[in-house]
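Presented below is the structure to which this report refers.
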Amino acid sequence: MVYTISIGSNEQRKDNLALARKRLSELFPGIRFSKEEETKPLFFRRSVLFSNQIARFVSSKQVGEVSSHLKSIEREAGRKPEEKLQEIVRLDIDLLSCDETIYKPEDLKRDYIIRGLKQLL
């Protein structure tokens, strides 16, 4: 199965994206990453920039197991639910799609995600 994910952070951005790349590479050998891109926050009043990246990998793991790994990496980076109210996103890893199944159709329309996907094609 081919998985596409997005990675984002607005707190300790370089370190958290580096952690995500390291852990994802350990879990999914052969994973490919787009370049990091700085973006303005879409839905936050807090004006701190985000760093974003797109990645694709092939895995025989089922969607639930992959999602569990992604959440585990977020927690390792220190993500806490209560920080959402403060608009702090230490690390957000979203499953965009698996094969033909799209989980985040609105995200796939975002400019930085489109650019990242083009880099990976």
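Predicted model, so just to flag it, every value in this text is computed and none were measured.
- For the pair Leu95/Leu70, a side-chain contact is recorded, criterion being any heavy-atom separation below 4.5 Å from C-beta on.
- Looking at Ser59, its side chain does come within 3.5 Å of a backbone N or O of Lys61 through a donor-acceptor pair.
- With a 6.0 Å radius and a threshold of 12 heavy atoms from other residues, nucleotides or ligands, Lys84 has its NZ atom at or below the threshold.
- Scanning both residues, Ala20 and Ile73, for their nearest heavy atoms gives CA-CG2, 4.1 Å.
- Aromatic ring orientation, His69 versus Phe28: perpendicular (interplanar angle above 60°, classes split at 30° and 60°).
- Within the 4.5 Å cutoff, the side chain of Thr39 has no heavy atoms near those of the Asp111 side chain.
- In summary, Arg90 and Glu74 do not engage in a salt bridge, as defined by a charged side-chain N under 4.0 Å from a carboxylate O.
- Across Tyr3 and Gln62, no two heavy atoms sit closer than the pair OH-C, 3.3 Å.
- Minimum heavy-atom separation, Ser9 to Glu11: OG-O, 3.0 Å.
- A donor-acceptor pair under 3.5 Å links the side-chain atoms of Ser67 to the main chain of Val63, judged by distance alone.
- Counted by atom type alone, Arg21 and Gln53 present one or more donor-acceptor pairs between their side chains at under 3.5 Å.
- Nearest heavy-atom pair across Ile54 and Gly116 is CG1-CA, 3.9 Å.
- Shown here for Leu91 and Asn16, the closest heavy-atom pair between the two residues is CD1-O, 3.7 Å.
- Contact check on Arg79 versus Glu83 returns no salt bridge, with no Lys/Arg side-chain nitrogen under 4.0 Å from an Asp/Glu carboxylate oxygen.
- Listed here is the closest heavy atom pair of Phe50 and Pro41: CE1-CB, 3.8 Å.
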Could you give me the CA-CA distance, side-chain angles and deciding distance for Phe33 and Ser25, then say whether side-chain contact (heavy atoms from CB on, under 4.5 Å) is met? CA-CA 10 Å; Phe33 297 94; Ser25 295; 3.6 Å; yes

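- Using a 4.0 Å cut-off between charged side-chain N and carboxylate O, Glu36 and Lys14 make a salt bridge.
- Counting heavy atoms from C-beta outward, Ile102 and Leu96 have side chains that stay 4.5 Å or more apart.
- Side-chain atoms of Asn10 come within 3.5 Å of backbone atoms of Glu87 as a donor-acceptor pair (strictly under, hydrogens ignored).
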